[in-house]
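Notes follow once the structure below has been shown.
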Protein chains: 2
Amino acid sequence: MRADAQRNLDRVIGAACECFAEGGVDVSVDDVARRAGVGHGTVFRRFPTKEALLDAVLGKELDRMVLLAQGALVEEDPWDGFAGFFRAAADGYARNRALVESKERCQELPQMLVVQESAHELVRRAQKAHVLRRDLTADEIFELVPAASRFPDVILDGLRG
Amino acid sequence: MRADAQRNLDRVIGAACECFAEGGVDVSVDDVARRAGVGHGTVFRRFPTKEALLDAVLGKELDRMVLLAQGALVEEDPWDGFAGFFRAAADGYARNRALVESKERCQELPQMLVVQESAHELVRRAQKAHVLRRDLTADEIFELVPAASRFPDVILDGLRG
DNA sequence: TCTGAAACGGACTGAGCCGTCCGGTTACAG
DNA sequence: CTGTAACCGGACGGCTCAGTCCGTTTCAGA
């Protein structure tokens with residue numbers, strides 16, 4: 001790939017991350033292109049549709065989640081591991097409107113499987129140690145993540161077993 | 001007002017309530033008109049802009065909230081009063097996508113003042129009785145309402161003082 | 001029944017957006 | 001330095017949607 005092409009691609013992805021995070025999925029491709037300093041034709045050459053561009057951005061964000069989840073599994077205290085990831089995930093959702101608005105799209109991305117596996121293990125460990133309430137499934141608990149963006153402590157207090 | 005005009009107005013408002021609740025604020029005026037069984041010209045004769053139509057729908061929903069809040073103030077147990085309204089409000093948000101997507105618009109509507117006043121009183125009473133945590137303001141607590149649509153019990157557990 | 005005012009609805013306009021395409025430009029190998 | 005393949009960006013088409021307008025229909029009082 002030519003050097004200028006690579007540079008523009010990086011700019012486009014960076015701009016798309018910022019735009020979608022701040023403005024949600026309804027931000028126009030023109031806005032992304034403007035912020036990247038390229039014409040919007042250049043965006044469509046790299047990403048055949050707006051949806052493909054969004055997938056790239058969501059994928060990057062989910063990659064971060066994978067790291068967070070695996071880091072939490074290393075923590076030996078079951079509650080600290082669970083709560084740490086819960087807080088971090090909530091923060092990620094708080095900082096990214098597109099993530100909140102694209103829940104079902106994220107389900108289609110491969111990284112989501114890894115995140116869910118780790119998250120389920122975090123919940124299993126915490127429930128086994130009786131530090132996390134057991135009347136909710138792991139899936140139900142993580143439905144609360146977007147909700148916890150503002151006051152995670154309150155929700156964690158409610159979840160503690 | 002002519003009888004047919006009144007009938008069509010009622011139909012439009014009803015259809016708009018359903019459409020916005022189910023599909024959020026991005027539902028088109030044409031969709032609303034179709035569901036109401038009128039041309040979209042008729043909608044724009046009653047409501048000069050789409051925003052005005054949305055305001056009418058939000059206003060109706062807030063009227064319901066006013067009744068719920070005032071009903072909760074009659075309840076003598078401070079926790080039951082607070083929690084009852086909190087649950088009811090969360091349910092209202094869960095059943096209405098437009099309400100979630102129009103938080104700042106709601107702030108402009110007169111009914112919101114009444115709801116907030118009652119809600120603050122509910123919080124004050126519950127905090128005075130030491131059944132509600134005191135490290136959050138009333139405003140902060142009610143930011144959790146939309147979040148509580150799925151598992152209100154978890155959030156209420158977290159809020160209990 | 002007749003009549004005029006009110007209401008209706010669909011055609012129309014203009015703006016914004018996604019995605020395509022092509023003429024001009026630029027990087028880079030030889 | 002130069003030829004060329006890759007790259008760029010803006011013009012363009014097609015679509016959807018908000019809001020306007022006017023010819024036609026309907027209501028209701030006399």
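Each chain gets a letter, A, B and so on, in the order its sequence line appears, and its residues count up from 1.
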- Query: Given that B/Phe44 and B/Arg7 both sit by DNA chain D, which one's nearest nucleotide is further toward the 5' end?
  - Reply: B/Phe44

- Could you tell me the separation between the CZ atom of A/Arg34 and the P atom of D/dG10, rounded to a whole number of Å? 11 Å

- Considering only C/dT20, D/dA18, D/dA28, which nucleotide approaches the side chain of B/Ala3 most closely? D/dA28

- Message: I need the CG-P distance between B/Asp30 and C/dC12, as an integer number of Å.
- Response: 15 Å

- Among D/dG9, C/dC18, D/dC27, which nucleotide sits nearest the side chain of A/Lys50? C/dC18

- Task: Check whether any side-chain heavy atom of B/Asn96 lies under 4.5 Å from a side-chain heavy atom of B/Glu61, and answer yes or no.
- Result: yes

- Task: Return the nearest nucleotide to the side chain of A/Arg45; candidates are C/dC18, D/dC8, C/dA7.
- Result: D/dC8

- Nearest-Å distance, CG (A/Leu9) to C1' (D/dC8)? 14 Å

- Item | Interatomic distance where CD belongs to A/Glu51 and P belongs to C/dC18 [whole Å] | 12 Å

- Do the non-hydrogen side-chain atoms of B/Ser149 and B/Asp91 ever get within less than 4.5 Å of each other? no

- Is there a side-chain polar atom (N or O) of A/Arg46 under 4.0 Å from OP1 or OP2 of D/dC8? yes

- Taking the side chain as every heavy atom from C-beta outward, state whether B/Met65 and B/Leu99 have any pair of such atoms under 4.5 Å apart. yes

- Query: Do A/His40 and C/dG19 share a donor-acceptor pair, side chain to base, under 3.5 Å?
  - Reply: yes

- Message: Rounding to an integer number of Å, can you tell me how far B/Asp26 CG sits from D/dA18 C1'?
- Response: 13 Å

- Query: Any idea which of D/dA28, C/dC18, C/dC28 is nearest the B/Arg2 side chain?
  - Reply: D/dA28

- Rounded to whole Å, the CG-C1' distance (A/Asp4 to C/dT25) equals 10 Å

- Item | Nucleotide C/dC28, atom P - distance to CE of A/Met1 in whole Å | 12 Å

- Task: Would you kindly compare B/Pro48 and A/Gly39 by the position of their nearest DNA chain D nucleotide and give the one closer to the 5′ end?
- Result: A/Gly39

- Task: Would you tell me if any nitrogen or oxygen in the side chain of A/Asn8 comes within less than 4.0 Å of OP1 or OP2 on D/dC8?
- Result: yes

- Task: Could you tell me the separation between the CZ atom of B/Phe47 and the P atom of C/dA7, rounded to a whole number of Å?
- Result: 14 Å

- Message: Can you confirm whether B/Leu122 sits close enough to B/Glu75 that some side-chain heavy atom of one is under 4.5 Å from a side-chain heavy atom of the other?
- Response: no

- Query: Taking side chain as C-beta onward, heavy atoms only, is B/Arg46 less than 4.5 Å from B/Val12?
  - Reply: no

